[in-house]
Each structure stands twice: as C-alpha cells, then as structure tokens.
Amino acid sequence: MATSNDKLQKMELRQNYQNLWHTDLMHTVTQDPPYCCFSCLCGPCVSYLLRKRALYNDMSRYVCCAGYMPCSGKCGESKCPEVCLATEVFCCFANSVASTRFLLQDEFNIQTTACDNCIIGFMFCLSQLACIFSLVACIVGSDELQEASQILNLLADLVYCTVCACMQTQHKVEMDKRDGKFGPQPMAVPPHQQMSRIDQPYPATVGYPPQQQAYGYPPQGYPPPQGQGYPPPQGQGYPAGGYPPPAYNQGHYPPPTH
C-alpha cells in the first residue's frame with residue numbers, strides 16, 4: 001500500500017516539473033537523424049543502451065522497469081542485471097522505453113509538453129481503435145471490416161514504431177546534454193545588469209549601435225566644464241570692455257548748438 005502511495009505521489013510531482021526536454025518529439029528527426037533511424041530499425045537494442053547509459057553505466061543500480069512496475073526488484077536483477085535488462089527490452093519493449101523516460105524526468109525534473117502528450121495519446125488511441133476493429137471484424141466476419149482492421153493495425157504499428165523511435169532519440173539527446181557531448185557553447189548571456197527587463201525604464205543597448213543624440217537637447221557633457229558656457233568669466237564674454245563704448249564718452253550729449 002505504501003508503495004502504491006509513493007508511486008501516486010511521484011506521478012503528482014511529475015506534473016509540477018518545470019524543465020523541458022532539450023528537443024521535443026517533433027524535432028528529434030532533425031536533431032539526430034541517424035540515431036532516429038537506428039532507433040526505428042532496432043528499438044530493443046537502443047532501449048538497452050539508453051537504460052544502461054541512464055544508469056551511468058553502473059548496472060548495480062539496475063532495477064527492472066526502473067522501479068515503476070510491480071515486478072520491479074523481484075526478477076533477480078542483483079544477480080544478473082544484464083540478462084534481466086535484455087529480457088525487459090525484448091519482452092516488454094514499451095515499458096522499457098517508458099521507464100527510461102520516467103527515470104530521466106525524475107532525475108532532471110523534466111515535464112512533458114502538451115504537444116508530446118498529444119502525440120503519445122494519439123499513438124495509444126490509434127492502437128486501441130485498431131484493436132477494437134479487429135475484435136469487431138472477428139465477431140461479425142465481414143470482409144470489409146477485416147480489411148479496415150488490417151489497415152488500422154498497419155497504421156497503428158507505423159505510428160507506434162515512429163513515436164518510440166522519436167522518444168528514444170529524445171532520451172539520447174537529453175543524455176548528450178547531460179554528459180556535455182554537444183559542440184561549442186552558444187553565445188554567452190550578457191551580465192544581469194545589462195539584460196533588458198520589465199522593471200528597467202529603457203531596454204539595454206547591448207548588441208545595438210549607439211543612438212545619435214537628438215539635436216539641441218541636451219548637449220553632451222552638460223553642464224559645461226568651468227571656463228565655458230554662460231555666464232562667461234571676467235574679461236571675456238559679452239559685451240567686451242564694458243558698455244557704453246569709450247567713443248560715446250567723449251564730448252557731451254546732446255552736442256552744443258552753434
């Protein structure tokens with residue numbers, strides 16, 4: 001009972017995770033096309049390699065289905081973990097992929113986006129619909145329903161193989177990020193005080209050419225240094241040499257009449 005409650009608590013906590021996968025399911029094909037093809041052609045082998053890598057190549061930590069299934073810890077994993085893992089990935093392939101996914105999500109607090117949930121849900125719904133059509137076709141015995149069920153089963157298998165390959169590629173890319181196997185780091189983020197934030201009155205000018213100052217207001221370096229500007233120092237300025245000029249001081253005004 002306690003184990004069931006712990007699993008329910010883990011599921012609830014997983015809904016509150018904030019981190020995201022390095023790449024979503026829609027872009028895994030472009031992120032690593034060769035590995036995606038490898039996952040599609042040999043899914044169980046990839047699942048074996050990814051689970052071992054998720055455990056940091058320490059098979060002493062291995063538990064069947066990563067501890068998320070009722071059989072976990074009851075299959076003799078401690079005696080021969082490699083054999084148990086091989087049995088898991090070949091006999092319970094879907095559970096092995098999902099268990100590796102849950103293991104990475106719990107380690108790095110990764111949430112599944114709404115788009116990824118829709119893709120996974122579509123895969124499950126199509127599989128269930130194909131199963132229902134197959135049962136109805138067996139009961140009714142209609143040739144048309146038999147053909148429709150075969151087409152649906154084919155589509156469901158294609159979607160299942162494609163989504164599982166994309167999921168495993170997503171796990172591989174995430175562990176590449178964890179192990180630092182990507183190329184050069186992206187451009188460094190500018191310092192905190194240089195970043196544009198909502199609480200700043202003006203956006204930062206990092207990466208932009210300096211803006212020219214508007215004409216006349218205010219001039220750069222205002223107020224001017226001593227010796228410039230207004231009022232001028234003594235001996236300079238306007239009017240020079242006092243007012244009125246000396247020529248006006250000669251004689252009298254108005255001039256005498258003759």
Side-chain angles (χ1 to χ4, degrees), residues 1-23 25 28 32 34-112 116-117 119-121 123-124 127-128 131 156-157 159-181:
M1 188 68 179
T3 305
S4 300
N5 292 332
D6 293 340
K7 291 180 180 179
L8 289 175
Q9 291 177 0
K10 283 184 178 180
M11 292 178 64
E12 293 176 356
L13 289 174
R14 199 174 290 125
Q15 296 177 357
N16 299 322
Y17 289 164
Q18 299 297 323
N19 297 327
L20 297 175
W21 295 98
H22 186 74
T23 180
L25 291 177
T28 52
D32 197 340
Y35 202 87
C36 192
C37 294
F38 177 42
S39 301
C40 189
L41 296 175
C42 192
C45 298
V46 173
S47 183
Y48 182 96
L49 296 173
L50 290 178
R51 177 67 64 78
K52 187 176 180 180
R53 186 178 172 188
L55 297 173
Y56 297 89
N57 295 320
D58 183 9
M59 292 302 291
S60 63
R61 302 172 55 189
Y62 170 75
V63 180
C64 181
C65 295
Y68 297 105
M69 298 297 169
C71 63
S72 301
K74 303 175 183 178
C75 302
E77 299 95 327
S78 58
K79 297 179 181 178
C80 47
E82 289 82 5
V83 175
C84 290
L85 178 56
T87 305
E88 175 190 338
V89 298
F90 279 99
C91 297
C92 305
F93 172 69
N95 285 338
S96 70
V97 175
S99 298
T100 302
R101 186 177 187 84
F102 295 153
L103 189 66
L104 293 174
Q105 284 185 285
D106 292 339
E107 181 179 359
F108 302 113
N109 295 335
I110 300 175
Q111 62 170 309
T112 301
D116 289 0
N117 281 329
I119 294 173
I120 297 171
M123 176 188 69
F124 285 129
S127 299
Q128 296 297 323
C131 181
D157 291 340
V159 172
Y160 173 77
C161 293
T162 304
V163 173
C164 286
C166 291
M167 288 175 67
Q168 298 210 90
T169 307
Q170 187 181 50
H171 303 164
K172 184 258 183 185
V173 171
E174 192 66 31
M175 284 187 279
D176 284 347
K177 175 185 174 184
R178 179 196 71 182
D179 299 338
K181 292 189 176 183

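Reckoned from all heavy atoms, side chains included, excluding hydrogens, waters and symmetry mates.
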J.: Quick check: do Thr23 and Thr169 have side-chain heavy atoms less than 4.5 Å from each other?
T.: no
J.: For Tyr62, what residues pass the side-chain hydrogen bond (donor to acceptor under 3.5 Å, both in side chains) criterion, not counting sequence neighbours?
T.: Glu88
J.: Quick check: do Arg101 and Glu174 have side-chain heavy atoms less than 4.5 Å from each other?
T.: no
J.: Take Cys64 and Cys71 through the test side chain to side chain contact (heavy atoms under 4.5 Å, CB included) and record every step on the way to the result.
T.: CA-CA 7 Å; Cys64 181; Cys71 63; 3.7 Å; yes
J.: Just so I know, are the side chains of Tyr68 and Asp106 near enough to count as touching, which here means a heavy-atom distance under 4.5 Å?
T.: yes
J.: Side chains of Asn109 and Gln18: does their closest heavy-atom pair fall under 4.5 Å?
T.: no
J.: CE/Met175 to CG/Leu104 distance, rounded to the nearest 0.5 angstrom?
T.: 5.0 Å
J.: If every non-hydrogen atom of Val63 is compared with every non-hydrogen atom of Gly73, which pair is closest and at what distance?
T.: CG1-N, 3.6 Å
J.: Can you tell me how far apart CD (Glu82) and NZ (Lys52) are? Round to the nearest 0.5 Å.
T.: 6.0 Å
J.: Any heavy-atom pair between the side chains of Val97 and Ser99 that's under 4.5 Å?
T.: no
J.: Inspect the contact between Lys172 and Asp179 and indicate whether a charged nitrogen and a carboxylate oxygen are less than 4.0 angstrom apart.
T.: no
J.: Checking the side chain of Gln168 only, and the main-chain atoms of Gly43 only, is there a donor and an acceptor separated by less than 3.5 Å?
T.: yes
J.: Should Gln111 and Leu20 count as side-chain neighbours, where that means a heavy-atom distance under 4.5 Å?
T.: yes
J.: Would you sort out whether Tyr35 and Asp176 count as a side-chain hydrogen bond (donor to acceptor under 3.5 Å, both in side chains), showing the intermediate values?
T.: CA-CA 12 Å; Tyr35 202 87; Asp176 284 347; over 6 Å; no
J.: Could you list all the side chain to side chain donor-acceptor pair (under 3.5 Å) pairs where at least one residue sits in residues 38-50, not counting sequence neighbours?
T.: Ser47-Ser96
J.: Any side-chain heavy-atom pair from Arg51 and Val89 closer than 4.5 angstrom?
T.: no
J.: Any non-hydrogen side-chain atom of Val163 less than 4.5 Å from a side-chain atom of Ile119?
T.: yes
J.: How long is the gap from CG on Leu55 to OG1 on Thr100, to the nearest 0.5 Å?
T.: 8.0 Å
J.: Identify, with sequence neighbours excluded, every residue that meets salt bridge (Lys or Arg N to Asp or Glu O under 4.0 Å) alongside Asp58.
T.: none
J.: Show the numbers, then the answer: is there a side chain to side chain contact (heavy atoms under 4.5 Å, CB included) between Met123 and Ile120?
T.: CA-CA 5 Å; Met123 176 188 69; Ile120 297 171; 4.3 Å; yes
J.: Which heavy atom in Met69 sits nearest to a heavy atom in Cys65, and how many Å separate them?
T.: CG-CB, 3.4 Å
J.: Tell me whether Tyr56 at atom OH has more than 12 heavy atoms from other residues, nucleotides or ligands lying less than 6.0 Å away.
T.: yes
J.: Give me the atom names and distance for the closest heavy-atom approach of Cys42 to Cys45.
T.: SG-SG, 2.7 Å
J.: What pair of heavy atoms forms the shortest contact from Cys36 to Cys166, and how long is it?
T.: SG-SG, 4.3 Å
